[in-house]
Peer 1: 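One structure is given below, represented as structure tokens, and several questions about it will come after.
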Amino acid sequence: MDDFDDFAMVTQLTRRELIHVLESIIGTKELVVEQSLMRPLDKIASMTFLKEHGCLRVQALYLDRLISWDPNLENRVFLVRPSLINVRKICELIKAEPNIKYSAIFVDRKQNICELEFEKQGVYGNIESYELNLSFIPLESDLFSLELPADIPRSTRTDYQAMARCLWQLQSLYGAIPNQFAIGQAAIDCQKVFQRICQDMKEPAATANQPISHLFLFDRSIDFVSVLLTGLTYESMLNDVFKYSCGKIVFGEAVETKLKQKSEGKKVIPLNNSDAIFSVVRNRHMSQVFPFLSARAKTLQESFDRASAMNKVEEVKDFISNQLRQLKQNHKLLELHICACEVLLETSKGSDRFGIEHEIVRREADANVVMEHLELAICKQQNPWAVLQLACLWSICEDGLLSKHFHAFRTLFLHACGYDYLPVFYYLQSNGLLIEKNTPSAKISIGGGSFKIKDSITSTTRKTSFTQLSKSLRLTTTSDIQFDPKSPTPNPSYVFSDAYTPIACQIVSQTVADGWSTSKLQKIFGPEIPITSSPNPVKPDNRIKKAILISFIGGVTFAEVAALRQFAQNSNFRIIVVTSHILNREEFLKSFIEIV
């Protein structure tokens, strides 16, 4: 493991593929990049790198804005995902100036529907099409993401195909992964595609020095609770409140107004371990972040005070040349994180939501209290999606809501927020997130009339009982056990104040402790959730110093990442997380909705 390069070869391979595509387009180029691809592109190719390969100008593609072209550049190149809305925008731009050379680079693959749309719009002969396979984007040394768009409806997502291709690429570079486990339909599909690619491309032979010993594949659908619960680490709460993607964040006006040194416009801040303050607090429980920042502020002030008390010229000179710049940088970062922390605390001030969430997941909640909280949140006109998150969490943990609670909540919500949300309830119900308990068919009432939802849809519930799952995997603790945020070696469940342990973390923990048992897990999850593993898997052993690779198909939360990091630290393992994308709770719920 000492010579493991944190998947640097994967990034190099992606960069070489980008070079190949750009060099295939002869002449100077103006690169127009889909907005969601700007940050992933920045992770693999700097502006200097792009200029070396003919891209002299780069700008973002906005569907609702015009593009200002440079008339001196020979080619206009679009870097986009293969969606109809993107293709139609490209067709519109081509028709405006048809005599220019156009090229489209599709990420991750070309689709026939895009070619057909070019043909339908009459621009097929005006544009050349290419493919660029983006692999894992490094967000940290232990966290990699495909950065797939989160706004694609879950019913049409094919994350498992992109994940399988990238896992094969990883294995071809670093050697075969001998022990593989998969839980959930998307994970099984990913493993099948992965194995098919390995057979077609010839699987690399297992070697004694391969850096990864185990691969866990998790389907997002096996654990919705970890997404719907409020993650109480600093990084998780930042992701809930601010625009945070691909390791960069825009704090916005709420934080900017609190800063003494204000900047004009939207400032994009990189958040990673190179930030001396963020690297320490990112995984801390929120209750411990502000005390740490306050203590660090006092230490920093003491350093400035010592400098002001210096009398000798040599001491002042040494301080200025060696310490002053770093102290100023730390002061700036500290002020930024203190202001961000203040905003996070103000956002949750006076709310009993965290306590209600924890009571719900422990199945200790009073139904009347939960209903009263939901009604109050609706009357206060809080974010409708935040209200739906709590209702879905309640429904999942109770294996469905009683009819009186379900209908009372839905009626009040639709009256307050509008009947535009009626399809939202349909899709949440059909996906088993917000359902009635033991109801074979349901009626939706509109204006005095009603119609039935098909039995086949309402029966799409979570057939695996959450109560049984929680008890068998020991996911929750009782409220009698007091949470200690100051513990030097907390359990992974600290990310939810010890109320709940993410399922993926608990399965990895039990596999490390007792080994893998497909039959035991199948009994726990039930026949509806498929589970498989490689033949005769070996129990992970931290003495051999090999990494455990954990893959989430359908996204992962920062709370789950923090929990896995804590488990790795407690158990002396190296754990690397790869995912299709980082989940935001509001976007997660919206991904189930095909019409909003």
Side-chain angles (χ1 to χ4, degrees), residues 1 4 6-7 136-145 211-218 220 223 225-227 229-240 244-247 249 270-289 292 337 473 475 483-513 540-542 545-552 555-584:
M1 285 295 295
F4 190 41
D6 296 330
F7 296 168
F136 293 121
I137 304 295
L139 304 184
E140 278 304 338
S141 60
D142 63 347
L143 177 61
F144 298 82
S145 171
I212 303 168
S213 62
H214 292 74
L215 168 63
F216 289 83
L217 294 164
F218 292 107
R220 176 72 273 165
D223 186 12
V225 173
S226 290
V227 185
L229 272 172
T230 303
L232 296 176
T233 63
Y234 180 56
E235 188 170 26
S236 185
M237 294 195 76
L238 284 178
N239 188 46
D240 275 349
Y244 184 23
S245 67
C246 210
I249 194 168
L271 288 184
N272 50 52
N273 285 340
S274 62
D275 180 333
I277 305 298
F278 181 69
S279 63
V280 179
V281 299
R282 67 186 307 171
N283 296 318
R284 291 200 178 201
H285 191 274
M286 198 61 205
S287 63
Q288 297 303 298
V289 175
F292 170 82
H337 289 294
L473 290 175
L475 301 177
F483 169 59
D484 180 14
K486 296 181 180 179
S487 172
T489 55
N491 294 319
S493 58
Y494 86 98
V495 298
F496 300 122
S497 296
D498 279 354
Y500 180 79
T501 305
I503 288 179
C505 191
Q506 195 72 340
I507 288 174
V508 173
S509 173
Q510 290 186 7
T511 304
V512 166
D541 188 346
N542 58 11
K545 302 296 182 184
K546 293 186 183 295
I548 297 174
L549 185 66
I550 301 178
S551 171
F552 290 87
V556 69
T557 66
F558 279 118
E560 289 172 303
V561 173
L564 287 166
R565 283 170 175 161
Q566 188 60 51
F567 168 74
Q569 183 178 327
N570 293 348
S571 307
N572 194 29
F573 274 97
R574 176 163 190 186
I575 288 179
I576 300 171
V577 177
V578 295
T579 181
S580 51
H581 59 291
I582 302 295
L583 287 171
N584 173 279

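For the single chain, residues carry numbers from 1 onward in sequence order.
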Peer 1: Tell me yes or no: between the side chains of Asn239 and Glu235, is some donor less than 3.5 Å from an acceptor?
Peer 2: no
Peer 1: On the 0 to 90° scale, with breaks at 30° and 60°, tag the His337-Phe278 ring pair as parallel, tilted or perpendicular.
Peer 2: parallel
Peer 1: Working to the nearest 0.5 Å, report the span between CD1 of Ile550 and CD1 of Ile576.
Peer 2: 10.0 Å
Peer 1: Within this structure, what is the CD1-OH distance for the pair Ile277 and Tyr234, rounded to the nearest 0.5 Å?
Peer 2: 10.0 Å
Peer 1: Are Val495 and Ser236 packed together at the side-chain level, in the sense that at least one heavy-atom pair is separated by less than 4.5 angstrom?
Peer 2: no
Peer 1: Do Leu473 and Ile503 come close enough that some side-chain heavy atom pair is under 4.5 Å?
Peer 2: yes
Peer 1: In terms of side-chain geometry, is the basic nitrogen of Glu140 or Arg565 positioned less than 4.0 Å from the acidic oxygen of its partner?
Peer 2: no
Peer 1: Examine distances only and state if a side-chain atom of Asn570 and a backbone atom of Pro490 form a donor-acceptor pair shorter than 3.5 Å.
Peer 2: yes
Peer 1: Apply the test side-chain contact (heavy atoms from CB on, under 4.5 Å) to residues Leu139 and Cys246: give CA-CA distance (whole Å), side-chain angles for both, the deciding distance (0.1 Å), then the verdict.
Peer 2: CA-CA 6 Å; Leu139 304 184; Cys246 210; 4.2 Å; yes
Peer 1: What's the spacing between Gln506 CD and Asn491 CG if we round to 0.5 Å?
Peer 2: 9.0 Å
Peer 1: Measuring from atom OG1 of Thr489 to atom CD of Gln569, what distance do you get when rounded to the nearest 0.5 angstrom?
Peer 2: 8.5 Å
Peer 1: Mind checking whether Phe552 and Leu583 have side chains closer than 4.5 Å, heavy atoms only?
Peer 2: no
Peer 1: Parallel under 30°, tilted from 30 to 60°, perpendicular over 60°: which one fits the rings of Phe496 and Tyr500?
Peer 2: tilted
Peer 1: Please work out whether the ring planes of Phe558 and Tyr244 are parallel, tilted or perpendicular, with thresholds of 30° and 60°.
Peer 2: parallel
Peer 1: Are Ser226 and Asp223 linked by a side-chain donor-acceptor pair shorter than 3.5 Å?
Peer 2: yes
Peer 1: Tell me the closest heavy-atom pair linking Arg282 and Thr233, and the distance in Å.
Peer 2: O-CB, 3.9 Å
Peer 1: Could you pull out the closest heavy-atom pair between Ser497 and His285, with the gap in Å?
Peer 2: OG-NE2, 2.9 Å
Peer 1: Side-chain contact test, heavy atoms from C-beta onward, threshold under 4.5 Å: evaluate it for Val561 versus Thr579 and give yes or no.
Peer 2: no
Peer 1: Starting at CG of Leu271, measure out to CG of Leu238 and round the result to the nearest 0.5 Å.
Peer 2: 6.5 Å
Peer 1: Taking all non-hydrogen atoms of both residues, which atom of Val508 and which atom of Phe567 are closest, and how far apart?
Peer 2: CG1-CE2, 3.8 Å
Peer 1: Going by side-chain hydrogen bond (donor to acceptor under 3.5 Å, both in side chains), name the residues that satisfy it together with Ser493, two or more places apart in sequence or in a different chain.
Peer 2: Asp498
Peer 1: So, for Val556 and Arg220, which heavy atoms are closest and what is the spacing to 0.1 Å?
Peer 2: CA-NH1, 3.8 Å
Peer 1: Do the side chains of Ile582 and Leu143 get nearer than 4.5 Å, heavy atoms only?
Peer 2: yes
Peer 1: Got a second to check how far Ser551's OG is from Phe218's CZ, nearest 0.5 Å?
Peer 2: 9.5 Å
Peer 1: Tell me, do Asn283 and Gln566 make a side-chain contact under 4.5 Å, heavy atoms counted?
Peer 2: no
Peer 1: Do you know which two heavy atoms are closest between Glu560 and Pro502, and how far apart they sit?
Peer 2: CG-CB, 3.9 Å
Peer 1: Of all the heavy-atom pairs spanning Cys505 and Pro492, show the shortest one and how long it is.
Peer 2: SG-CB, 3.5 Å
Peer 1: Do Pro540 and Phe573 come within less than 4.5 Å of each other through their side chains, counting heavy atoms only?
Peer 2: yes
